[in-house]
Every structure is written in C-alpha cells, then in structure tokens.
Amino acid sequence: MLDKSFDPKEAEARIYKMWEDSGAFKPRAEKPTDTKDDNFSIVIPPPNVTGSLHMGHALNNTIMDILIRFNRMKGKAVLWQPGMDHAGIATQMVVERKLAAEQKYRKNMSREDFLNHVWAWKEESGGMIEQQLRRLGSSCDWSRSKFTLGASPNADDAEKAIQQNMGDGVTKAFVEMYEAGLIYRDKRLVNWDPHFQTAISDLEVETKTVDGHYWHLRYPLADGVTYEHPITDEEGKVTGHETRGYVVVATSRPETMLGDTGVAVHPDDERYAALVGKEVVLPIVNRRVPIIADDYADPEKGSGAVKITPAHDFNDYEVGKRAGHELISILDDRGHILPLVIIPEEFHGLFSVKARKLVVAKFDEAGLLAETEKLKIEQPFGDRSGVVIEPMLTDQWFVDAEKMAKDAVAAVNRGHAAHPTSSSSGAYVVSNETTNRRIHGADAGMNPRVKPEGDGGEGRENGTRFIPENWKKTYDHWMENIQPWCISRQLWWGHQISAWYGPSLTKVNYTGEAPASLEIWDWDNPEIFVANTFEEALEKASVFYGNVDANAVLIGKEAESSEKWRNQTFDDDGQNVMLLRDPDVLDTWFSSGLWPFSTLGWPENTEELERFYPTSVLVTGFDIIFFWVARMMMQGLHFMKDENGEGVVPFDDVYIHALVLDEAGKKMSKSIGNTLDPLDLIDGVTSDVLVEKRTRGLKNPDKAPQIAKATRKAYPDGFEPYGADALRFTLASQAGQGRNIRLSVDRIAGYRNFGTKLWSAASFGQMNECSPVEGFDPSTATLPVNKWIISETAKTAMEISRCIDTYRFNDAADAAYKFTWDTFCAWYLELSKPLLSGADGAEKDETRATFGWVLDQILKLLHPFMPFITEDLWAKIAEGRKSNLITADWPTYGDELVNADAVAELEWVQTLITNIRSVRADMNIPPSKKAPLLLCGDTLDPRLAIYAPQLSPMARVEHVELASAVPDNALQTVVDGVQYAIPLAGLIDMDAERKRLAKEIEKAQSEIEKIDRKLGNEAFVAKAPEKVVTLQKERRAGYAAEVETLQAALDGLG
RNA sequence: GGGCGAUUAGCUCAGUGGGAGAGCACUACAUUGACAUUGUAGGGGUCACUGGUUCAAUCCCAGUAUCGCCCA
C-alpha cells in the first residue's frame, strides 16, 4: 500500500543517492554503433565557487536536467559535465573579508600564504552550491566535476589527476594565442577599480545614472587673447556679443583638469574658429595647453568647448591621441592625486572627490567658476566593488577580440542559415538529431564530418543557433562592436600569466654586438617571453640574449619580486640577469571561455572530447551572452579544429532562458529583500526564518523593517515544503520563451497538488490491482475506452517529445499536466471504475493492464520534470522492474496507437456527460437526485446501453430509455444533433429552464450570424481556401441543428 | 541617443492569419469509496490605441502611448 501522499523530505535524499550509486549519472558506455547522434552533452554554466543556489540556478538547472533526463531515457550516451568557476575577484573579496575579521591582511602576506588561505577556504566553505544543485535533482556526472583553477596544491593524487588539465590548458591557450598574435601587451586606458586595485573589462563596469553636478569653468586665454562670444536669448537667438578673455568648459569631474592637455572645439563651430591654435592657461597648475579642433566637441552641448584629459577619460583619450597630446596621469592605484611636480603640493595624496572640492573652491575663489549646474550624470561603477571606476593608463594584456569575433559571428550565421525559421507549425528542427560530427583533440587528426540525414533540416554545418533566435541580434551587435578584451587582473587568485620579463635592448641599436654595459638596458619596457613554463621562457631568453654581454649570462634564475628584479639587476650570486614572471592573473572569463573543451580533458586528446564535443546545447541566461557565450564561441573556434583546420563550434544550440523575477516583476536582489531561496521552497520555511534571512547582513540595515513588513504581508505563513518536483515543474511550466518569469508561489503549491493527484491515482490503481503487465501490447486493446486512453497517451507522448526537442518546456509541462489530471484522472479513471469493480474477466483484465500501462507512461513522461515522485512511484507500484525509471525507455510509439473511432466515441461520451452535468448544475439539481435519460427520437443509440454503467455515477443517470416526445418538467440537452431529456418533475423551475434554453439558443444564433456574414461575403467564398469555407459551412450546420432542437425544446415547454 | 522586448480574464501568463485559452483567484453546488493538496458547474476579455495589407487581423506591417531591459 502506498502512503497517503508523497513525502519529499524522506524520498528526495534516498532516491538521489540511489541514482548516484547506480551510476546513472555517468554516460553509458560507448557502443560500436554509436554515431555523434547517440551522444548528448551539456556543460554546466559553472557557478562561482563562492556561490549559493538562487532562483536563476534553479531554472537553469531544471531546464538542463529535463534535457539530460529526456535524452538519457531516449538511450543516448549522456554527459552532463559539472564544475565550478574560481571567480577571481568575488572569491578574493570573500577571503580578504574573512581574513580582515581576524585582523589579517593580504598586503602583509606573501602571495603563497594568501593563496593557501584561499584554497583552505575553498575546501571548507566553497562549493556548497554543488550540494544544493543535488537537491534540485540535477543528474550531473559529479565524478568528473571540474574547477577552472585546477587542483589545490594540497589535493590528493586522484583530485590532481582530474583537475590536471585545467591549469595546463589555460596556460597553453594563453601561449598559443600570444604566438598567433591574438594576445598582446599594451599601455592603454583601461577601467580601473580603485577598490580592488585592478583593471577590469568593459563588461564588468555598470553605468548608473546618479545625482551629480556640472561645473562650468572658465579657462583664461593665454597672451591676452580675446574673442566675441555670442549672447543668446531663451529661444537661442543671438541678441548680441560679449568680449571674453576665457573659454568656458563644463565637467562633472573638475579634478581631472590637473591633467588636462587641451581644450577642444568643433571644427565647424564659428564661435571658436579664431581660437583654434591659440592656448589657454590652466588655472591652479598654470600650464599652457592648446585649443584644438575635433569632431568630438559637440557645439550643442554646454558652451561647445570641452576640456581634454586623455589619461582619465575614454573619449578624451581618443581626442588626445588624434592631436598627439602627451598623457598626464594624475591618479594613483587607489584614486589619489599623484605627487607630481606639475601639481601643487596641497593636492598631493588627496582622494579624487576631495581634490574635486578643492579645485572647485580654487576656481570659485579666483572668480573662474561660471556656474554650478545640478543634474543627473552617468557614472561607471565596478560591478563587484561598487566603487566609481577610473579610466587609467596602465600596461595590460589584451585579446584582439575583433579578429576572433569574425569567425564567431560567421559560425552563428551558419547555424541560423542551416535552420531557417520553421513553418507555421512553429516546430524547430530537432537539433541534436540533425548533427553528426566527430571531433578530435587539438593534436589528433579529425574524421570527416558526416553530413546528417536530411529530415528537412540541412544540418548544422558546424554552426551554432540561438533559441529564441532574437538573441542572435544581441550577440551580433556586440560582436560587431567588440573592443579589445583586457584579460589581466592585478589579483592573486587566478591563473598567473605565463609571461616572463627580461630587460630590453631597445635603448641601444642592437646589432648582435654585446652592449657595453647593463646600465643602458631598458627596464621600463622589458622584453617579454611568453612560455608554458619558466624553463621554456628561459630557453627563449637564452636564445634572445645569447650573444649579448658575456659577463651576464642568464642561467635560470627567476626573480622573487619585481623590486628585486628591478633594483638588484643581478641575482644574489651577482652574476646573472634574472627573469621576472608577470605577477598578474588572467580574467576568470578567460578560463571560462575554454570550459566546453577544458572540462572534457583538453589539451589532452581524451575520449570525452572525442565523444562529446561539440556539446549539444548550452543553457544559460541572457545576462552572460557577452561575458561567456561569446568568449566560448571565440575560443572554441580557435582551439578546436576539424581535419581541415576549420574551427569547430562549442555547441550546436544556445538556449537562452528567462530571468527569474519576484511576483511583482522585480529583479530578485538581496538589497531589495525580495529574494526567494529555492531550498526554502523545497524544504519549507516559517515566516520568521524567512524574514530573518532577508534582513540579515543588509548593506543598508535601515531597510530591514520595511523588508520584514513586506515579507510578512506577502508570506504570512511562510512556505510549506513543496518539494523539488513542484519547484521544477513550476519553473518548467513558466519557462516560455519570453524575457522573464515572475515566480508564483501559488503555482508551486498548485504543482505540489498535482504530484499528490498523481500519487493518489497510483494509489487507486494499486488498490484495483492495475499493475503493469509484462509484455502488455497496447495495440491489442479491444474496449473503446481503453483504445481511447491509449490513443491519448500516444498523442501526449509525441507532443511532449516534440516540445522538449524544440525547447518548449512550458508546452511540454502543460501537455503532461493536462493529460495526467484531466484526461487520465478526471476521465479515464472515472470511466474505468465500473470495469474495475465489475465482474472478473477479459474486460477487467484488459482495463487493469491498460491502466497500469498508461500510468507507467505517465511516470516516464513526467520523469524529466518531476524526477523524484515518479521514480518513487515507479518502484512502489511494481516489483522487480528491469531498470530504475531514470534509465527506463522513453515512449517512442506514435500514430499507430491512435484509434480515431475510439477517440470519437469517447469524445461523444464526454460531451454527453458534460452536457447533462451542465444543465443539471444550471438548474441546481442536487447530485443526489438521480434521473432517467430519455433519448427523444426513433431509435435508441446502442452506445447509451454500453456506457450506462459510467453514466450512472458520472452524470447521475438512473437508466436510459427511448421517448417519442419530451415529457413535461424535463431538462433538455443536445449532443450531436440528438435531443435528450431528463425528467425531473417537481425540481425544475420552468421559467429558469426557459431562460436557460433561450440563452443557449441566443449563443448559437450569434455564432450563426457571424458565420453567415462570412459566407455571405462573395470575396470570402471565392478567395478563401475551400477547406476553410467547408469548415464554416459545417460549423453553421452544427449550430443550426442545435438551435432547431433547442427551439423545439423551448416550444415544448409551452 | 541606438537597440531589443512587452501590452490578451481580477492576478500571473500561454496562444494562433479563419471557432479567444490555462493556472490561481472568484461564485454556486457537492462530499463516508483514489484524491479536500478534492469533485462538478459557472461568471468574467473591443486581445493597449490608430491606421494599413488581406476575402479574413488578437496574430502580419506602420505609427502612437505606457512599461521593462541592454548598449552609449
């Protein structure tokens, strides 16, 4: 006997362990007959090692798990590759914060000591999210979980073996890209985060609109020059001129004037034409700088003249470069004014905001502050640090993204061209069945790519397709405007850059002769040796310096610090020039970009790489298309080559899912206090705990009472334990291909109820001995009711398969829900009751077997969505199953099981029952009151006798008989043009019945009118397809018959 | 400023060139037989607005309004 209901708390952990222990999460062994089509793979978007599960993960992983389980059941070799991202900045931040609480600071530690702290933290507290992902039911192959940074120095050998390639791969990628000219080192303006004191990429900068000021500053013209400045009225008309000995520039950052190199005006701006070529004297610093003409100056904005600070503004940088200006950096790493001789001492060391106030005060004092304007300004902030980002001139490593982007754009064009928008059916071509490729690792030869068999699709031809396809535009747009990607970070936690520096020989005209002395070597613009290892770098250096000064031979010393390297010149033996390894690390996304192949073992040529690259689909949110998807495309195409040397895309499809928002449509965020923890929805939570969690550790604690109040109002009773299945099903059912999902807790409860419904139907089946029958062949069923439910099962199975294949998860979930609840539970189960409780015999046996078979199919079809409850039932309703549900065969039958006659017959039964119920309910006839059903006509429909046992309980029909005329005091209904009467003397309000009939007639009448308008239109009859015209005629006939019968009924009432 | 998207029942959202849908909420009725985490029935919508294309528009096109997101 089944328990009363499913207990997720008890079952989830037990079942998950059973799956994992069974080896079901590992890809099945390769068969000799396997083609690329028989493999299905997904790489997980690696969560940050610091991360904890949020709703975005829940959606993302639910979708992946649906795809994975579906394809696994279809018999494919399935690999869901898990892993984590080391998340450079985020992790370093977490650990530094933790150390600070213990009065320990990174600055006072060696790099090695600090990294040991981070690794220790990772072992202890990192990676919690992998446990949380298990709670969702994610069926990843955890045994191959990868970490972008590789193994910890203290890891055991097994772990080291698993992670070995991760670090090697990144180094190899860096070196190869450098050698291919795709990576270079350059002094450029970059986004500088003064808090973390590192460069960050454009993508890590968030521009926000904040309250700010525009200060209009007067820059005096040099040498007593003056000009006539036009004075305008409110409408912009010039009303006169005034003589000015200054130009006005407006800025939101006055402190940068300390580093100004000029003032720009538009070349066509007549007002300033005479001033171009003249100079202004910068106040405070008393420097002369030129007035130049440049298109960048917008005559419409402000005074039309702009100050130019090339070292601290991206636009000014370009202007300065065009004008050949020298760059003057005025800020240090922390955003403080540098102690430069050209800057008055009182500014030295001031934080930029303080310097700003002082500059403004000085201008004001000197009468040079023309105006202070309050307005909203756009300001860049670091997405992690939250501080204002300073453009800074520094030496950094860059990827020439523009070059790589071309191939990546072309690959997506190919992907979409191979799959033109589908026909009106809206069905996508099933991707993973139209590709058939084999790939080998970088060092191996490639097999020719086999063209897929055509099923209408042309095959992917090594392209990637976005789903929904509108994301292609976003991707294209960004790729076409891509900027050099700054990949170096001034952090410690990450892949240290594999480059070594030696002194440069550029200062001498190097001819191969030994320079006279090391003194003239240039330490500021070092020679760069990019290599996989120090030994390799040394070799390269030896070749380079080989015939230089015989007194200074490089023999393999690596400088421990840049100070030592610069200041000491020779190593401790006083003999040798040292090489210095670049202390910086790579942007985390550089290693994430290798994820689709590094996780499969690259740069080794592994079996997994062969079998599972390219991956079938990438499932992710649109917020990381640029960060991640684009980079994987670029790096995948660069490193993974086919036998012709063509780059191979990392995935066939990219499915972009929605963002999960709260019920009000707001982005979930800790600071707003509207986050929902997936685990709370799975396990349940009290309102008190929920409030506590939402108000703990707020950046702005003042908000706590407000958040607490809103939380208690929204969820006064907290959450019940809905279980992982309900959460998954809700996410799937809301995963329409739109932009976002408002998560509804009511719906989660609704889908929990759905699970209970399924459970109770299974329980009913068990009580009635409806166990699955070994070898039952559904095509042999004889009873129409069984043929019908088998038909509906087949139709549903086809529908669900089609929907999952085309990433229409909500449609798939809906189809499963409707079939289970409405078709199976509400109709079949009730219709089967008389048979199951009737006399033993062939019909009862067939019905039991059918019931058992259909329930099995339901469990299979629901399994990808609700893995736990289905697996539990699978085991509990039948003993000695051949396999667990997770590896059971997916239903693949189809039309051959659909019996149109049986479907028509049962639809008639349902209409009859529904109509009887409806007229009775309309007249408020209590269900307890049974009544005969009279067929008003000449012959009794034999089907009425057959379904009498069902009509009795379901439609409260006492018995069925033929009547020549409608008796008085009877309700009437029409099914298929046949009139039925239900005599209920004494229970019917005849006036109400007349009104009811009149209303029904009116309804049908208005439909007829609508159709008549159409059919009366000659153009419609002439031009519309015949099918449509016929359909309308048929519909009209149907309504007409109904009206006639209803009218007769109404007339009969007198 | 450029781009993308949304606007359908009270709420949250599907949907389609030819008969307006679901879940929740609501109303009425029911209840010892799978299930109250229930059953049956019902009410409720000019498919944002204005034009256009078409025999036919909620759907395609153009514009307007409102809201949201991304980029500058």
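If you're wondering where the values come from, they're calculated on a predicted model, not measured in any experiment. Residue numbers start from 1 in every chain, and the chains themselves are labelled A, B, ... in the order their sequence lines are given, proteins ahead of strands.
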Look at the side chain of [X] and decide which nucleotide, out of [options], has an atom nearest to it.
X	options	answer
A:Gln1032	B:A14, B:C24, B:G18	B:G18
A:Lys833	B:C4, B:U38, B:A34	B:A34
A:Thr756	B:U37, B:A72, B:A20	B:U37
A:Trp821	B:G19, B:U38, B:A22	B:U38
A:Thr914	B:U40, B:G43, B:A41	B:A41
A:Asn753	B:U40, B:C13, B:U38	B:U38
A:Asn810	B:A34, B:A41, B:A14	B:A14
A:Asp746	B:C24, B:C69, B:A30	B:C24
A:Ser918	B:G43, B:A41, B:A34	B:A41
A:Phe622	B:G19, B:C35, B:C69	B:C69

When rounded to the nearest Å, what value does the distance between [atom1] atoms of [N] and [M] take?
N	M	atom1	value
B:G43	B:U50	P	28 Å
B:U54	B:C59	C1'	13 Å
B:G19	B:C11	P	27 Å
B:G17	B:G5	C1'	23 Å
B:G10	B:G45	P	7 Å
B:G44	B:G21	P	13 Å
B:A65	B:G18	P	31 Å
B:C71	B:U53	P	40 Å

Are [X] and [Y] linked by a side-chain donor-acceptor pair shorter than 3.5 Å?
X	Y	result
A:Lys930	A:Ser952	yes
A:Asn413	A:Lys472	yes
A:Tyr828	A:Asn786	yes

Spacing between [X] atom [atom1] and [N] atom [atom2], to the nearest angstrom:
X	N	atom1	atom2	answer
A:Met954	B:G33	CE	P	17 Å
A:Glu720	B:U37	CD	P	9 Å
A:Asp922	B:U27	CG	P	18 Å
A:Arg1036	B:G19	CZ	P	16 Å

Note to self: Working to the nearest 0.5 angstrom, can you tell me the gap between A:Leu203 CG and A:Asp383 CG?
What the structure shows: 9.0 Å
Give one of base, sugar-phosphate or nothing for [X], where a contact means two heavy atoms less than 4.0 Å apart.
X	answer
A:Ala761	base
A:Glu830	base
A:Ile1011	nothing
A:Asn768	nothing

Show me the protein contacts with nucleotides 55-59 of chain B, counting only N or O atoms at under 3.5 Å.
| residue | atom | partner | partner atom | Å |
| --- | --- | --- | --- | --- |
| B:C55 | OP1 | A:Lys1023 | NZ | 2.4 |
| B:C55 | O2' | A:Asn1017 | ND2 | 2.9 |

Between [N] and [X], counting only base atoms on the nucleotide and side-chain atoms on the residue, is there a donor-acceptor pair under 3.5 Å?
X	N	value
A:Ser760	B:A34	yes
A:Lys757	B:C35	yes
A:Gln734	B:A14	no
A:Arg752	B:U37	yes
A:Arg1035	B:G19	yes

Notebook entry, point to check: Could you write out RNA chain B as a dot-bracket string, with dots for unpaired bases, | for bases paired across to another strand, and Watson-Crick or G-U pairs counted at under 3.5 Å?
Noted result: (((((((..((((....[..)))).(((((.......))))).....(((((..]....)))))))))))).
Note to self: Let me spell it out: for each of A:Ser928 and A:Lys999, pick the nucleotide of RNA chain B with the closest heavy atom. Which residue's pick is nearer the 5' end?
What the structure shows: A:Ser928
Check: Taking the nucleotide of RNA chain B with the closest heavy atom to each, which residue, A:Tyr817 or A:Phe754, is nearer the 5' end?
Finding: A:Tyr817
Checklist line | Under the ring-ring contact (aromatic ring centres under 6.0 Å, His included) test, residues paired with A:Tyr947 that sit two or more places apart | finding: none
Notebook entry, point to check: By ring-ring contact (aromatic ring centres under 6.0 Å, His included), which residues pair with A:Tyr1039, not counting sequence neighbours?
Noted result: none
Checklist line | Any A:Ser733 side-chain heavy atom under 4.5 Å of A:Tyr751 side chain | finding: yes
Check: Which residues satisfy the salt bridge (Lys or Arg N to Asp or Glu O under 4.0 Å) test with A:Arg253, sequence neighbours excluded?
Finding: A:Glu255, A:Glu390
Note to self: Tell me if the CD atom of A:Glu402 is crowded by more than 12 foreign heavy atoms within 6.0 Å.
What the structure shows: no
Check: Around atom NZ of A:Lys1033, are there more than 12 heavy atoms of other residues, nucleotides or ligands at under 6.0 Å?
Finding: no
Margin query: Strictly below 4.0 Å, N to O, side chains only: are A:Glu1002 and A:Lys999 in salt-bridge contact?
Written below: no
Checklist line | A:Arg742 vs B:C13: side-chain N/O to OP1/OP2 distance below 4.0 Å | finding: yes
Next item on the list: Could you tell me which residues satisfy side-chain contact (heavy atoms from CB on, under 4.5 Å) with A:Glu799, sequence neighbours excluded, listed by chain and number?
Entry: A:Arg802, A:Cys803, A:Ala815
